[in-house]
Structures are given as C-alpha cells and as structure tokens.
Amino acid sequence: MKRTVIETNHLVKTYRRYKKKEGIRGSLTGLWKREYEEKTAISQIDLSISEGEFIGLIGPNGAGKTTLIKMLTGIIAPTQGHLDVLGYYPNDLKNEFKKQYAVVMGQKSQLFFELTLNDTLRLFKEIYEISEEDFQKNKNYFVKLFGVEDLMDVQVRTLSLGERMKMELIAALLHNPKILFLDEPTIGLDAVASKQIRKFLKEINQKNGTTIILTSHYMEDIKALCKRTVVVNHGSKIYDGETQELFNRYQKNKKIIVTFDEQDMDITLKTPNAVLLENTLHKKIYKVSKRSAKDLLAELMEYDTKDIAVEEEEIGVIVERIYQEGSACHA
C-alpha cells in the first residue's frame, strides 16, 4: 500500500483585509480608525494524496487553488486545521522539506535569463546540494528525455515559450523531488508543445513515481494526465473523485471549430442541438451536446474543410454545473 504524502483535515485560511473609504477624507479617517473584513480563501478542506498519484486541481479564478498550493509548499500558513506534507509541517520551512518538492508556474520563471542552460542547472546543483554524480546522471536523463541537447549552451532569454517550459521542468526535477506542483504548465503553448509537455509529465510520473499536483484551465491537460480530480470553488472542495466520472457526469457539451479555405462557406446541418456560436469568413464555431458530437463531425467532414478541432467545455462551466447541482464530494 502506497504511503500518504499529503494530508489535510479541516484546513482553513482566512485573510483580514483593510477597507478604505473613497477619497482623501477616507484616507485621513483610516489613519486612526480602520475597518477590516475577513476573507475566507480556503474553507474546511480535507485532502489525502498518496505517493505517485497524478492529481488535477481545478476551479475558476479566485476559487482558492493557488492559496491551497501555497499552504502545501509552506509559503503561507493555514489559519486552522491539520496539514502534513511528507511528514513535515510546511510552514516550518525546514531545508529537508524544501529539498523534497518543486514548483513550476507557467506564468512565472525560476530560470536565470542571462545565463546559459548549462550554467543555470549548475547553479541549481549548488542550491540543492546535489552531488556531481547525481547531477550529471539527472541532467543527462532529462536533457535526453526532453530532446534539448542543442539548447544547453544558449541563453535562457533566447528560448521560445515551449523550450523555456521544458527547461523549467528540468530545473525543477534536477534534485529528484518527491512532489511536483504544476501551475498552468501549458498556458500559452501551441498544441504541439502542449502535447509534448503532457507526454513528458506522464513519463516522469510513471517511471520516477513522482507525485504530481496539476492546476490547469485546459480540460485536455486534466483529461489526458489525471486519473483523479479535485474541484474547488469559493474555497471549498466540491468534487474529489475519478476524472472520467467528472467528465461523464458534468460535461454536457463540446465545442467544434472548423476552418475553410473558401470564404463564407454555406453549411446546412441536420445534427440536432448544434448551435452556431461564431461565424467569420473562414471559421465557424459550434456548440453541440456530447452525444451528438460525432454526428456533427461526420456532417462537417463532408464539406471542403481546412481544419477541424474539438474542444472540451471550459473548467468554469463544469465547476458551475457541479455547484448548481449541489455538493458532490467523494471520499
């Protein structure tokens, strides 16, 4: 039986925020009389994650995902509740704990833009006190895995977004972390780069047994990588269960995007429930029920199309649907 690496019970995080009244009078009044309000970012979250799991953590903006990750990594302390990560209380910030996890954020870089990649990794070797033998072994493994041998002697600032994200992952994995926290790792990447990143993450999880917690607004990331998904909204956990069940129960529609070489393509469809969302010179976007998506695709393929893409519903739509149907938490 795999051991539990993350355990929270009744985890709560509240913030006390200063409310300033408008204008100069409000500023002056605030010098001797201040009004505060309490904001609950995380409310009574129970969570148990086992070694080697690949967990999707999703929810709309402001749902509490980032706050939860910050507590799990020790950046902020919980207001109340029990929190254990790898046998440590994260906010103690012990060096032994900090060497056992890594964080990668799609919108924030941990790399040194003026250094080459080889020099950047050498710097991380010193920070994490990695032996020369382990450093060379790990670097060679990940450089080969990501296929970036020809990029190691160029400055980080010259890399494309997709190349940089590969380097972010190599730097994060160099010290063999037991837990990897990923915040929007494919944001801004094209379809090819996103697919490559997903492939690498799956291999790292399966071969190295690294526990991975992934936050993403792209349902394709969650569906392709995570067997289990946790959904949070307004600071509360509203779903915790199998990802496939989440899609089966709460995903009702798909979006189909079709592009043409010919302008203003005239299309007549028989598929029921197909709704035209957008119609431009070369592109049409349809929303269709999940059960009718294959029929619509078959119809569209009869036309002279340039490209067809199928997208899942946005995370916010699914979260709202779960929330409207009531709490659906699973043990």
Side-chain angles (χ1 to χ4, degrees), residues 54 56-61 63 65 106 161-162 165 182 184-202 214-231 233 238-239 241-325 328:
F54 204 135
L57 179 62
I58 65 175
N61 290 331
K65 305 185 300 298
L161 183 59
M165 185 50 60
L182 297 171
E184 303 284 355
T186 61
I187 191 168
L189 301 184
D190 59 33
V192 174
S194 296
K195 189 174 181 180
Q196 288 179 332
I197 295 297
R198 288 195 291 266
K199 177 185 175 184
F200 300 142
L201 292 175
K202 186 176 290 187
L214 166 69
T215 71
S216 179
H217 280 92
Y218 300 130
M219 292 306 288
E220 187 59 37
D221 288 346
I222 303 298
K223 194 172 186 179
L225 294 170
C226 308
K227 289 185 178 180
R228 174 184 166 197
T229 296
V230 175
V231 182
N233 195 28
I238 61 173
Y239 180 90
E242 293 185 4
T243 302
Q244 191 57 53
E245 182 184 354
L246 175 70
F247 278 87
N248 291 341
R249 290 178 60 183
Y250 298 105
Q251 186 186 51
K252 308 295 184 183
N253 304 301
K254 288 182 179 289
K255 186 186 293 183
I256 296 180
I257 305 163
V258 56
T259 55
F260 308 92
D261 286 320
E262 182 181 338
Q263 294 185 8
D264 290 322
M265 175 69 75
D266 186 25
I267 293 180
T268 303
L269 298 174
K270 299 177 182 178
T271 303
N273 304 318
V275 178
L276 183 61
L277 298 178
E278 183 179 321
N279 186 15
T280 58
L281 289 178
H282 293 279
K283 181 171 71 174
K284 298 180 188 293
I285 300 178
Y286 295 92
K287 182 178 77 171
V288 64
S289 65
K290 191 165 58 174
R291 66 178 63 183
S292 300
K294 288 184 179 179
D295 295 333
L296 180 57
L297 279 172
E299 279 199 79
L300 291 170
M301 290 296 290
E302 294 177 2
Y303 292 86
D304 186 16
T305 61
K306 181 180 180 180
D307 186 37
I308 295 181
V310 181
E311 293 185 358
E312 310 288 355
E313 283 187 302
E314 295 179 355
I315 282 176
V317 174
I318 293 178
V319 171
E320 183 178 352
R321 195 169 290 140
I322 298 173
Y323 197 71
Q324 287 175 347
E325 294 185 16

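Side chains are part of it too, since the values below use all heavy atoms of this structure and drop only hydrogens, waters and symmetry mates. Given the structure is predicted, the values throughout are model-derived calculations rather than measurements. Just so you know, residue 1 is the first one in the sequence shown, and it goes up from there.
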Under 3.5 Å: donor-acceptor pair, side chain of E313, backbone of K252: yes
Heavy-atom side-chain contact between V231 and I318 under 4.5 Å: no
Nearest-0.5 Å distance, CG of residue L246 to CE of residue M219: 5.5 Å
Atom pair OG1 (T259) and NZ (K284), whose distance is rounded to the nearest 0.5 Å: 12.0 Å
Spacing of R249 atom CZ and E242 atom CD [to the nearest 0.5 Å]: 11.5 Å
From CD1 (I285) to CD1 (I256), nearest 0.5 Å: 11.5 Å
Closest heavy-atom pair and its distance - L214, C226: CD2-SG, 4.0 Å
Closest approach of K202 to A224 (non-hydrogen atoms, all atoms of both residues): NZ-O, 3.3 Å
pair I267-Y286: side-chain heavy atoms closer than 4.5 Å: yes
Within-4.5 Å side-chain heavy-atom neighbours: N273 and L296: no
Working for side chain to side chain contact (heavy atoms under 4.5 Å, CB included), residues D304 and D261: CA-CA 8 Å; D304 186 16; D261 286 320; 5.6 Å; no
Which atom of I308 lies closest to which atom of M301, heavy atoms considered: CD1-SD, 3.5 Å
Heavy-atom side-chain contact between L201 and F54 under 4.5 Å: yes
Main-chain N/O of T271 paired to S292 side chain as donor or acceptor, under 3.5 Å: no
Side-chain donor/acceptor of K65 to backbone N/O of P60, under 3.5 Å: yes
Student check: side-chain heavy atoms of V288 and D295 closer than 4.5 Å: no
Atom pair NE2/OG1 of H217 and T215 - distance to nearest 0.5 Å: 8.0 Å
Shortest non-hydrogen contact between E245 and Y239, atoms and distance: CB-OH, 3.6 Å
Inter-residue atom distance L277.CG - I257.CD1, 0.5 Å rounding: 9.5 Å
4.5 Å side-chain heavy-atom contact, I222 and E312: no
With F247 via ring-ring contact (aromatic ring centres under 6.0 Å, His included) - residues at least two apart: none
Partners meeting salt bridge (Lys or Arg N to Asp or Glu O under 4.0 Å) with R198 (sequence neighbours left out): D221
Non-hydrogen atoms of S194 and T186 that approach each other most closely: OG-CB, 3.8 Å
Donor-acceptor contact present, side-chain K290 to main-chain Q251, <3.5 Å: yes
N248, CG atom: more than 12 neighbouring heavy atoms under 6.0 Å: yes
K255, NZ atom: more than 12 neighbouring heavy atoms under 6.0 Å: no
Within 6.0 angstrom of K287 NZ, more than 12 heavy atoms from elsewhere: no
Shortest non-hydrogen contact between E299 and T268, atoms and distance: OE1-O, 3.9 Å
